[in-house]
Amino acid sequence: METQYTTAERWMDGIVHVVGVSLALVAIVVLLSLVIPTGNSLLVVAASIYALGLMATFGFSAAYNISMSPRWKDLLRRFDHAAIYLMIAGTYTPLAMISVGGVVGYALLSVVWTIALIGLVLKLSWPDRFERLSLVLYLALGWLGLAAAGSIIAALPVAALVLLLIGGLMYTTGVIFHLWTRLSFHKAIWHGFVLTAAVCHYAAVLESILP
């Protein structure tokens, strides 16, 4: 049964989502306006995939959490949870393709997208099952980059590495509030952590892929 929230909690969460969608739109416009003039088709593709994952996550999350229609709620919940995999894999994409590159970069990208697509299919097909597995997959996928830590550290600027670490810790810490359903405003707090982490990772991507 879905947790019942007060009007104040819904408003606060709605505000977080409006801010998130607005920032995502601005971020995507800025990102594409910076990469398209470079004429680097690979960079444009990688950035576009990242932008798609970013917009899917904030867009579907806002639609699901703000919607009051029981008719659409279940479908939007599926897309909301599935889009998380797109954002995680999308964030890896420009870093693995452009910054790391080579065998290590593309091997990491292959593993990341394979796990993400499996998770996405599970969420779309069986939205109410495998809840614990999905949470484990989210976290495992997010921290999978540690398997290629040496190559990532060598390829990325120090500032980007710090931002990635902070973002990862923000996502992971936010899970505590996501699960702490008895805490007032827990959902808005959780989404606040997600937004902050996404901002950190966006800055890391810009720092890493732009000349």
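With rounding to the nearest 0.5 Å, the separation of CE in M170 from OG1 in T196 is 4.5 Å. Distance check: L43 CG to I98 CD1 gives 5.0 Å after rounding to the nearest 0.5 Å. The CG atom of D74 sits 11.5 Å away from the OG atom of S67 when rounded to the nearest 0.5 Å.
Side-chain contact check for P157 versus S208: some heavy-atom pair is nearer than 4.5 Å. Side-chain contact check for L165 versus L161: every heavy-atom pair is 4.5 Å or farther apart. Within the 4.5 Å cutoff, side-chain heavy atoms of Y50 are placed close to those of Y202. Within the 4.5 Å cutoff, side-chain heavy atoms of S99 are placed close to those of I209. A heavy-atom distance below 4.5 Å is not found between the side chains of I88 and V112. Contact check for N40 versus V35: no side-chain heavy atoms found under the 4.5 Å cut-off. Looking only at side-chain heavy atoms (C-beta outward), L195 and V19 come within less than 4.5 Å of each other. Within the 4.5 Å cutoff, side-chain heavy atoms of S48 are placed close to those of L32.
Nearest approach of D80 to T57, heavy atoms of both residues: OD1-O, 4.5 Å. Considering every non-hydrogen atom in both G119 and L137, the closest pair reads CA-CD1, 4.3 Å.
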Apply the test side chain to side chain donor-acceptor pair (under 3.5 Å) to residues T172 and W143: give CA-CA distance (whole Å), side-chain angles for both, the deciding distance (0.1 Å), then the verdict.
-> CA-CA 10 Å; T172 304; W143 290 101; 2.9 Å; yes
Check the pair V100 / L108 against side-chain contact (heavy atoms from CB on, under 4.5 Å), numbers first and verdict last.
-> CA-CA 10 Å; V100 179; L108 176 62; 5.7 Å; no
Apply the test side-chain contact (heavy atoms from CB on, under 4.5 Å) to residues Y92 and L95: give CA-CA distance (whole Å), side-chain angles for both, the deciding distance (0.1 Å), then the verdict.
-> CA-CA 5 Å; Y92 270 105; L95 299 176; 5.8 Å; no
Start with the C-alpha gap between L164 and C200, add the side-chain angles, then the distance that decides, and say whether side-chain contact (heavy atoms from CB on, under 4.5 Å) holds.
-> CA-CA 7 Å; L164 285 174; C200 290; over 6 Å; no
Apply the test ring-ring contact (aromatic ring centres under 6.0 Å, His included) to residues Y171 and F193: give CA-CA distance (whole Å), side-chain angles for both, the deciding distance (0.1 Å), then the verdict.
-> CA-CA 6 Å; Y171 276 125; F193 270 90; 9.7 Å; no
Between M55 and V21, is a side-chain contact (heavy atoms from CB on, under 4.5 Å) present by the stated rule, with each step listed?
-> CA-CA 7 Å; M55 197 64 247; V21 171; 3.9 Å; yes
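Of the possible polar contacts, one joining the E9 side chain to the F185 backbone as a donor-acceptor pair under 3.5 Å is found. Distance alone, capped at 3.5 Å, places no donor-acceptor pair between the Y5 side chain and the S184 backbone.
Under the rule for a ring-ring contact (aromatic ring centres under 6.0 Å, His included), the partners of W190 that lie at least two apart in sequence or sit in another chain are H178. W180 meets the side chain to side chain donor-acceptor pair (under 3.5 Å) test with no other residue; sequence neighbours excluded. In terms of the side chain to side chain donor-acceptor pair (under 3.5 Å) criterion, T173 has no residue partners (sequence neighbours excluded). Evaluation of the side-chain contact (heavy atoms from CB on, under 4.5 Å) rule for H191 yields D13, V16, H17, S61, N65, K187 as partners, not counting sequence neighbours. Remark: T93 pairs with A46, I49, M97, L109, W113 by the side-chain contact (heavy atoms from CB on, under 4.5 Å) rule, at least two apart or across chains. Residues that satisfy the side chain to side chain donor-acceptor pair (under 3.5 Å) test with H81, not counting sequence neighbours, are absent from this structure.
Under the 4.5 Å side-chain heavy-atom criterion for grouping Ile, Leu, Val, Met, Phe, Trp and Tyr, I176 is not connected to V136 through any hydrophobic cluster. In terms of hydrophobic clustering, with Ile, Leu, Val, Met, Phe, Trp and Tyr side chains grouped at heavy-atom distances under 4.5 Å, M87 and L52 are assigned to different clusters. By the rule that hydrophobic residues join a cluster once side-chain heavy atoms approach within less than 4.5 Å of another member, L146 and I166 end up as members of separate clusters. In this structure, L23 is not a member of the same hydrophobic cluster as I66, with clusters built from ILVMFWY side-chain heavy atoms closer than 4.5 Å.
Between Y138 and Y85, the distance from one ring center to the other falls under 6.0 angstrom. The aromatic ring centres of F79 and Y64 sit 6.0 Å or more apart.
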